[in-house]
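Numbered from 1 within each chain, the chains take letters A, B, ... in sequence-line order. Model, not experiment: these values are computed from the prediction.
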2 protein chains.
Amino acid sequence: MLSKKTKYGLKALTYIAKSEGDNPVQISEISKCENIPQKFLESIMLTLRKSGFLGSKKGKHGGYYLIKEPAQIKMSDVMRVLEGPIAMVPCVSLNFYEKCDDCPDEHECSVHKLMIQVRDNTLKVLRNNTLEDLSGSLNDKTSKIT
Amino acid sequence: MLSKKTKYGLKALTYIAKSEGDNPVQISEISKCENIPQKFLESIMLTLRKSGFLGSKKGKHGGYYLIKEPAQIKMSDVMRVLEGPIAMVPCVSLNFYEKCDDCPDEHECSVHKLMIQVRDNTLKVLRNNTLEDLSGSLNDKTSKIT
DNA sequence: CATTAATCCTATAGATTTAATAGGAATTAC
DNA sequence: GTAATTCCTATTAAATCTATAGGATTAATG
């Protein structure tokens, strides 16, 4: 299951990407328009800023803005920051690898083999989708791939 | 993340599929060989039996056995029973659909669109893999698909 | 028929994670 | 200097996951 944190974070990024102009977007506005608890969103925005997706401006008329082009922001990267590993088991994770307690040899593990396939396919989708795709400013993704 | 419940369940099913002969396999044996807490495994096996994957025999020399051929047991079905929805958000689930609290219109939701793609790709893998593939009694899956 | 070995069943404790809130400090515009 | 905003840390509340407890039931066996 996708955590609310990640879901809210993705929605907020999308909202900022969609909002035209260079003015920073305020948490209170996103919170209202996207039905996200404001204080919770606050902590999420902080995470996204600290991990390099957003910049911020403090004080009156402050807010958050994108640092990179939407087309440069891969969903796989956002997901790793907000949700953690993309793999369903740590022993199959590229960025958060951990050995399983119960497996003497993970190459013998049936679950391992299956989860590698799941990971590869999920990763394909997440790497292929950028914030630009989510915010849908351009045409549908499907028209760009053959 | 895959829950331990699911992981243990998949390992147990694989173990039974691999064990030759028609004798029922005991929880204590699986528990020892696969490093799974016995009492926990007990409750998992119960779930798998009640949902039609396993049969059981009580009393001395009792245990669990497969009801269907390994090739007939799709990972997507096992996952749904043990883990719940395959989709990462309920609004995108085929078998456990639920509307999101925060979305007025889910067709406008950027997360929704992305998660449909993830679901479709995950489902492809899980439908394509059966217990036979996990237990690896035959050759590698890749040789069967072109 | 007594013993032993297994599943069956319900409940619940313990641990971890997630979701959300609290409360104020720091900064900026005007 | 006041209002509006982000920044930061801590903490609570709720949900979920993991595991165990304790016995009831059933079946094989000598």
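- A:A87 and B:M1 make their closest contact through O-CE, 3.6 Å (heavy atoms, listed as atom of the first residue, atom of the second, distance).
- Listed pair B:Y8 / D:dA19 meets the phosphate criterion, a side-chain N or O lying under 4.0 Å from OP1 or OP2.
- Considering only heavy atoms from C-beta on, A:I16 comes within 4.5 Å of A:M45 through its side chain.
- The pair B:D102-A:K11 meets the salt-bridge criterion, with a side-chain N (NZ, NE, NH1 or NH2) lying under 4.0 Å from an Asp/Glu carboxylate O.
- Contact annotation: A:H61 does not reach the phosphate of D:dA4 (side-chain N/O to OP1 or OP2, under 4.0 Å).
- Remark: C1' of D:dT5 and CD1 of A:I30 are 13 Å apart, rounded to the nearest angstrom.
- The environment of CG in B:D105 is crowded: more than 12 heavy-atom neighbours from other residues, nucleotides or ligands sit within 6.0 Å.
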- Mark up nucleotides 7-16 of chain C, 5' to 3', with B wherever a protein heavy atom is under 4.0 angstrom from a base atom, S wherever such an atom reaches only the sugar-phosphate, and - elsewhere. SBB-------

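- Listed nucleotides D:dA4, C:dA20, D:dA28 differ in distance to A:P37; the shortest reach to its side chain belongs to C:dA20.
- B:K11 has its NZ atom 16 Å from the C1' atom of D:dT18, to the nearest Å.
- A salt bridge does not link B:K113 with A:D133: every distance from a Lys NZ or Arg NE/NH1/NH2 to an Asp or Glu carboxylate oxygen is 4.0 Å or more.
- Among residues two or more places apart in sequence or in another chain, the ring-ring contact (aromatic ring centres under 6.0 Å, His included) test is passed with B:Y64 by none.
- One can place CE of A:M1 at 13 Å from C1' of D:dT16, the figure rounded to the nearest angstrom.
- Atom CG of B:N23 is separated from atom C1' of C:dA5 by 15 Å (rounded to the nearest Å).
- Between B:D102 atom CG and C:dA19 atom P there is a gap of 12 Å when expressed in whole angstrom units.
- Atom CG of B:L41 and atom C1' of D:dA21 are 17 Å apart (whole Å).
- In this view, B:F40 and B:Y8 satisfy the ring-ring contact (aromatic ring centres under 6.0 Å, His included) rule, not counting sequence neighbours.
- As rounded to whole Å, 9 Å separates atom P of C:dA20 from atom CD1 of A:I44.
- The nearest whole Å value for the distance from the CD atom in A:E29 to the P atom in D:dT6 is 10 Å.
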